[in-house]
Amino acid sequence: MSPIDENHLHADPGIESHHPSSGANGSVPALVAAGVRASPLQLQAATTIFQKGAPGRRAFICPDVDVPVLDASEFLPERFRRSEGPRLPEVSEPEIVRHYVGISKRNFDLDSGFYPLGSCTMKHNPRLHERVAALPGHARLHPLQDPERAQGALELMWNLQGALSEISGLPHVSLQPSAGSHGELAGVLLTRAYHEDRGESRHKVLTPDTAHGTNPATVTMAGFEVVKVATNENGGVDIEDLRAKADTDVACLMLTNPNTLGLFDPNISQIAEIVHGVGATLYYDGANLNAVMGLSRPGDMGFDIVHFNLHKSFTQPHGGGGPGSGPIAVSDRVAPYLPVPVLTRREDGTFALDHDRPKSIGRLRGFHGNYGCFVRSYAYICSLGGDGLKDASEAAVLNANYLLARLRQHGVAEYLPLAYGDLCMHEFVLSGGPMKRELEIKTLDLAKRLLDFGFHPPTVYFPLLVEEALMVEPTETETKETLDAFADTIAAILREASDDPEIARGAPYSTPVRRLDEVLAAKQPVIRQALG
Amino acid sequence: MSPIDENHLHADPGIESHHPSSGANGSVPALVAAGVRASPLQLQAATTIFQKGAPGRRAFICPDVDVPVLDASEFLPERFRRSEGPRLPEVSEPEIVRHYVGISKRNFDLDSGFYPLGSCTMKHNPRLHERVAALPGHARLHPLQDPERAQGALELMWNLQGALSEISGLPHVSLQPSAGSHGELAGVLLTRAYHEDRGESRHKVLTPDTAHGTNPATVTMAGFEVVKVATNENGGVDIEDLRAKADTDVACLMLTNPNTLGLFDPNISQIAEIVHGVGATLYYDGANLNAVMGLSRPGDMGFDIVHFNLHKSFTQPHGGGGPGSGPIAVSDRVAPYLPVPVLTRREDGTFALDHDRPKSIGRLRGFHGNYGCFVRSYAYICSLGGDGLKDASEAAVLNANYLLARLRQHGVAEYLPLAYGDLCMHEFVLSGGPMKRELEIKTLDLAKRLLDFGFHPPTVYFPLLVEEALMVEPTETETKETLDAFADTIAAILREASDDPEIARGAPYSTPVRRLDEVLAAKQPVIRQALG
Amino acid sequence: MLAAIGVDSLQEIFDRQIPPAVRLGRALELPDGLGEADVYEHLRALAARNTSTEDELSFLGAGMYDHYVPALIDMLMERSEFLTPYTPYQPEISQGGLQVMFEYQTAICELTALPVSNASVYEGPSAVAAAGYLAKLHNQASRFVVSAGMHPHTIQTLRTTAHGYGMDVLEVPLRDGVTDPDAWARAIDGNTSAAIFAQPNFYGAVEDAAALSAAAKGAGNPVVIAQVDPIALGVLKAPGECGVDVAVGEGQPLGNRLDFGGPSFGFFAAREEYLRRMPGRIAGETVDVDGRRGFVLTLQTREQHIRREKATSNICTSQALNALAGVAYLTWLGRRGIVELGELLLARTHYARERLAGLPGVEKLHEQPVIREFALRLDGNVAAIRRRCAEQGVNPGVDVQALSGREEDRGVLLVAITERRSRADIDRLSDVLAAAVAAETDASVPA
Amino acid sequence: MLAAIGVDSLQEIFDRQIPPAVRLGRALELPDGLGEADVYEHLRALAARNTSTEDELSFLGAGMYDHYVPALIDMLMERSEFLTPYTPYQPEISQGGLQVMFEYQTAICELTALPVSNASVYEGPSAVAAAGYLAKLHNQASRFVVSAGMHPHTIQTLRTTAHGYGMDVLEVPLRDGVTDPDAWARAIDGNTSAAIFAQPNFYGAVEDAAALSAAAKGAGNPVVIAQVDPIALGVLKAPGECGVDVAVGEGQPLGNRLDFGGPSFGFFAAREEYLRRMPGRIAGETVDVDGRRGFVLTLQTREQHIRREKATSNICTSQALNALAGVAYLTWLGRRGIVELGELLLARTHYARERLAGLPGVEKLHEQPVIREFALRLDGNVAAIRRRCAEQGVNPGVDVQALSGREEDRGVLLVAITERRSRADIDRLSDVLAAAVAAETDASVPA
Ligand SMILES: Cc1ncc(COP(=O)(O)O)c(C=O)c1O
Ligand SMILES: Cc1ncc(COP(=O)(O)O)c(C=O)c1O
């Protein structure tokens, strides 16, 4: 425990003075003049854990070797042995805690403020979910435990599958994919298997130009060619363009509905007809499911394959970039190709894993998927129930429309008009074009200036077809007071910019670091700590 | 979950605009000029949870009433019923989380930096302890569970008692007291019972003038009169004064050793002789035990009664002011008076609670004491073992002496001399007298200026007999780098003050709030949120 | 480091300070230290030998109750920022903890309908003792009059501490399950420092708090102290509305774990006139040099670190983290929730009492209204009946005599209901208890 | 709110956007919502029906291992600041997460002795598939050659994804427990895009990684990919020292829970030349406008959100929080600890193998050195033997044939050792397994 070690005991006090300081307290910040407010976080130079500690310090105490020790090479011949161990940090437990607690304070997070990041559904993460996921019966369950002795886990998965099936309106579910884009890959590979099984080899997949980047990237990875479909003036799929491109080379159309403009495509049934008409499948990117739970179902719209983002609609915490989970639901005709194993329920009500699925595309990863995420999302579904999920979607849409209305006020709408549509679903996209032209600040500047006010900015510069796009998704777990404060802050920043655009252009000011040089980072990549 | 409620749905958007904002994001801070760093925490006005939310919002969902409901007055007559329920907050779970996470950021804590608060032993709190304390077998164990079905808990308490006994050198332990001062009360009441049982009625208790405030306060609460004993020029008990005051009216001498000056009293054996010579007991305030674990034992020094602060020496986290735990250990002659129940071990190795102790002083509180704290401190003792505890004390003393040496450097020692002694034990006390006279900044100013550098200040203005006292206890879990940085910062602040004392006098600058008006708070006490 | 200190060895530091006679010349006789995983296993094995409320259907109460603790409370209590600081001696960097105290005080004032609250004391019984000490400081009278309906631990604790400063404790018996009003009025006189009762009382009965207060004030000038259950205050007339001067109680039911009895917190609220005699920390509102709202520890001249032997209490470390759990829990319940919870408990407790009292060999101890707990008298040995129930995985409640040691409590079982005990659970208790009582009756009838 | 929007009802918002034909005209057929306590009880009841490594003495491994997860990792993962943010798109307010990635990358580079690492991919088997895709992008050759010593899930995953882009997968058999060097060299040619093996392999054997790499390079120009166990790298020659181009693996053993198989993380390290073909996020160092050191997501032109159909991978959300656990764990182990742990596992694994292989009806599957896991061949039905052990509270390891479906794996048991399995535990396994094998032998002999 104690970070005092032999080395220190006898070291000359000066000897370690070249060592980087230990965390928040380690450095003597430049003395700031009286009356000037220094942000303590800005005064701390970023120091990695590899720059801390001292030889011999440690946290882990290895259990004694309680078995006979032979000549080491008996166990492992010298030539297989590492000459020098990995140069991991040498720090005591208190140093580890302080280091990571310290750098955690350099993160903004959902528990600290509004996070209207469009397309990401940053809804509140109830702590109950962490509690239940940590129960040893879930957290310390080995994935290769005999199914007979993991019936609780299998039942949970079964129930979750059932709920996702009901919500999507599609009868078959696989929980295996690890995130949304992994679900997409599964889905497109299913499409491939479906066509191949029918003896067809189709090589194109359609995606609208509003599609998220993972859609075309997935298409390529699954060995298809991307064909873009245009967006019409209302923000929906351009039906004429679709008709023109939908031929029998097309394996699939990937769509999200509402789409990334936050708009529900009113022609969805017609779209499905066209796609099915040429024998292709219709894929639903479920990233925007939070708009329609209990209100409208992809299966009923004609989709064949859906992926869910449990880390969006079903509140698995994002963890700063994962973990996520991307289950898929499919129609009967796609079901034979689902990844193995498939969870089945026996006559006696017990659950089993079926590996004997000759048409399956195979596995997409090890074991059963991100079970820990299933636990959390299942807890969420149990908490809300059917009506609660519908309430959540309704409130998400209400909040988005309310915030949109507040941003259509005088002083904002002139600079940040709604890109398409009138009402919206759970999110909306503004264009910063007029702002850029008239106030001479870009969407990026507005975003960075928001940081000074304790708001996470909306998604910026996506979707690509909107100039200087600002994509706002408030979610249902925000209060009206927060929405009002956000709208007021946007208005205030625009007013400020009309006085002096330099302020926004120089923002942020109060964050632990200010604007960072991304070009430098990419030009001369330094992607690990240099070690002495 | 969703904070959207009926009221909001139909409310005019303006209606709630008078509502206080919701947390970090709720208020539009005054726009700061470009280039000026604003501290985001300072921009947030403190808003209590009672000022947030809106009618109808809630987190708790009450289970349905699943039993027959009668006329309510059948259950409880109207006259016993409350007319209006308590006006608790009306907030959703996301609001609660954001509120408390938000205000937590307005706290400094041990995981965030150096906390050399003298007499408080702010050593690292290992997270393992929180994990084991949370196990349902500990955390959800009802205190009135039959002892036969709480054998694990009783064994843990037995083992902890044994360890405390070995560490203190006194054979009998009661874990019941809730904190240090509660242990003191127990100890002085034991002394009373001891003398009463011998037919003596003594009415004085001696405490040195360096004693912690709880010592004299306890003496009064236990119905004794406080008599102060002077401190000699070496910082120890003035033997002559002690001799003069030690008469047969004296029930007890309360001492801590090392004392609050961080000095081990070399005359301890003589002191014990004098006190025992007049038939009084010798009480050991265990707040400073961290200096001597495995090195010297109160029992061997001649003490009859000891209290431990599990939240100091045995790393139970302080929680911002508790919980703590203040077990006591006593010699054979005091044992008959220990609080009930007394834990016993039966022949067969099982444990029982003995309530049949006719000479006992009785109970000091409900149930068994702060068991959750026992779990943590027992885990600590298991982790360190006997040698580890000794190592901890040695490292604590080493760190204190090293920091003291660093603060005796040129540029510091002139202004902040060591008050007494030469070496120290686990802490030391500097005097800010010269600093006050020569640099015109007080110990309080130095303390406040330290806040701007991310350090918790030492204890200030205690012990009372040192002018402008600064009491520094680094503990064993700090690194040399941190000690060096702290010493350098003290030196830098003194240099800064010699240039311009106003800077320190106006400090702090970077904290969430700056110096607070304590006089106003006491003159016109506002101790709760006014409700509308 | 040694060179900087100017010593040759670590040993020298000790040799120069600790006389050889009092040095421990040997290693401590304690087991060797263990790695984290081994300590975890050891503590887990000990935990596994306890039967917790997770392991059986438990109706234990008598001061601590198995309410659900919402997960957000764990999260908050485990945040370093709340878990690891000391008492907020440096307010500029302790606004989080101080604001929590201020909010906590507000919540306790609301619960009790009294205008002042401190920031917590240790726990329930010692809170009553602390209130007694306040009364002593206030009026220097010579006797505490207490209802026998108080928790036995409370009376014992009060006696222990009162003995220190030479105060008498006089118990007033119950009649029909509540404090005997006549005996109460007779016991109180001009020498009565405090008149103390529990609401609901230890046997679950709702006392006529207003009548007890009025009678006490009529018979003398004592400080009227009530030990109250905080959950019951969602539906029960508040102490401040009943003429009570000081209301204290055990805070565990408010978002704190059982923890085999602690740590939890004691709450302490009073009328304005007692403000400057309150024990413990109090957070107060003020402003900083720039006019920002802020909080500090206030009225510190009451406290031991300033007033030493003249302090209103010796308390120093109290229960800040547990009080945080308390205010977070009350916030989670919310204004409507606390009433709904109270109504649920009322209805279920009533149901349970009627159902169990209908069993052969089981009767109500009293007919008074009950809120969350009630006492039954069993025809048979309570310990034996409880053992039989335990074999069925049911803990039917507290064996009162084992707790109180009082002869008149023989046969008494105290059954507590929380929102975690559904009707189905109560029905199961009923079946198991019925069988256990019947079996015990059979067993005790000589063949 | 409705007035501000300019609608009369919430319904109107939907009516104006969703065509009636695709509206769900009924309530979802899902159970009613539950309060927090009830959800907790439900999930707890499900958990109680699983036999976890807390409930039995488990020697399960095969990719995921029951190492001790230090408590500080839970604390860090539960801090809101790490738990709840999105991918760090706004670096100024995401320095915490970005620095963690940077430190994580450093640790992975150290472990693997390779110069570049990304910030995580999903998990082990799909990491191999991702490495295969990198090879495809790199050389556009037509075939993957893989050792049959890879985890069956890995081979299956690779086949699934390779089929998408039309790549062949050719398996090279084992000889004496390791990849047959002759078959390996024969299988690899100019059309080989990648040559892939596992270290240690699925059966626990240490491969001669340097020889496999050299042979592969000698036979063609494939990208050499190794799937490595990260814990073993404390003692085992690092991939970067063995001529490996890309090292990937399952990160679960590094401070992640078992979680019935996920979430964990996959690590992905490579030689410099593959940097711009790496999948996923990469954090890089830079400076802010004031010259302060800072971190950003870098080389984003590889990624889907910039490059879309030309991206090096479709991965978006990966496993940041699990990677945090990984680097925190490696830091906790420390430079000395990881070596000590490796030596402990070597010694205990050796002991266990010798001890178990000495039992009647039990023999080693191969004689190769093993580090943390080893395969045995049992004389009897593995499923039946495992059932007998389970009755004694021992899970002796993985039934390999049940996992792989391969005929040649009949009778094979894979036994994993961690620091949580002491010598006493191994001795217990030995006794229980001996009895189970003997009983099974008796049972299968016709009377
Ligand atoms: C519309 C859309 N599709 C797909 C994805 C990819 O999901 P994931 O990050 O889970 O892989 C995202 C994520 O941002 C998205 O917004
Ligand atoms: C020397 C000394 N004695 C007694 C105490 C009182 O201990 P507690 O706060 O646990 O009541 C303290 C606490 O600061 C102390 O420093």
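Naming: A, B, ... by sequence-line order, numbering from 1 per chain. Here the structure is a predicted model, which means the values were calculated and not measured.
Of the possible polar contacts, one joining the Thr220(A) side chain to the Glu309(D) backbone as a donor-acceptor pair under 3.5 Å is found. No side-chain donor-acceptor contact under 3.5 Å links Ser296(A) to the backbone of Leu24(D).
Heavy atoms of Ser117(D) lying under 4.5 Å from chain A belong exclusively to its backbone. Using a 4.5 Å cut-off between heavy atoms, Phe50(A) touches chain D through its side chain atoms alone. The contact between Phe14(D) and chain A is made entirely by side chain atoms (from C-beta outward), counting heavy-atom distances below 4.5 Å. Using a 4.5 Å cut-off between heavy atoms, Glu340(D) contacts chain A through both its backbone and its side chain. Proximity to chain D involves both the backbone and the side chain of Leu423(A), based on heavy atoms less than 4.5 angstrom apart. Using a 4.5 Å cut-off between heavy atoms, Thr298(D) contacts chain A through its side chain alone, with no backbone atom that close. Contacts between Met122(A) and chain D at a heavy-atom distance below 4.5 Å involve the side chain alone, from C-beta outward.
With chain D as the partner, the residue from Ala163(A), Ala521(A), Pro525(A), Gly223(A) showing the most heavy-atom pairs under 4.5 Å is Ala521(A).
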*May I have the step-by-step check of side chain to side chain contact (heavy atoms under 4.5 Å, CB included) for Gln304(D) and His212(A), ending in yes or no?*
CA-CA 8 Å; Gln304(D) 46 73 28; His212(A) 190 260; 3.8 Å; yes

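Taken to the nearest 0.5 Å, the CD atom of Glu92(D) stands 13.0 Å off from the CZ atom of Phe108(A). Taking OG of Ser104(A) as the start and CD of Gln95(D) as the end, the distance is 13.0 Å to the nearest 0.5 Å.
Minimum heavy-atom separation, Tyr89(D) to Leu117(A): CD1-CD2, 4.1 Å.
Checked against the 6.0 Å centroid threshold, Phe260(D) and His142(A) do not count as a close aromatic pair.
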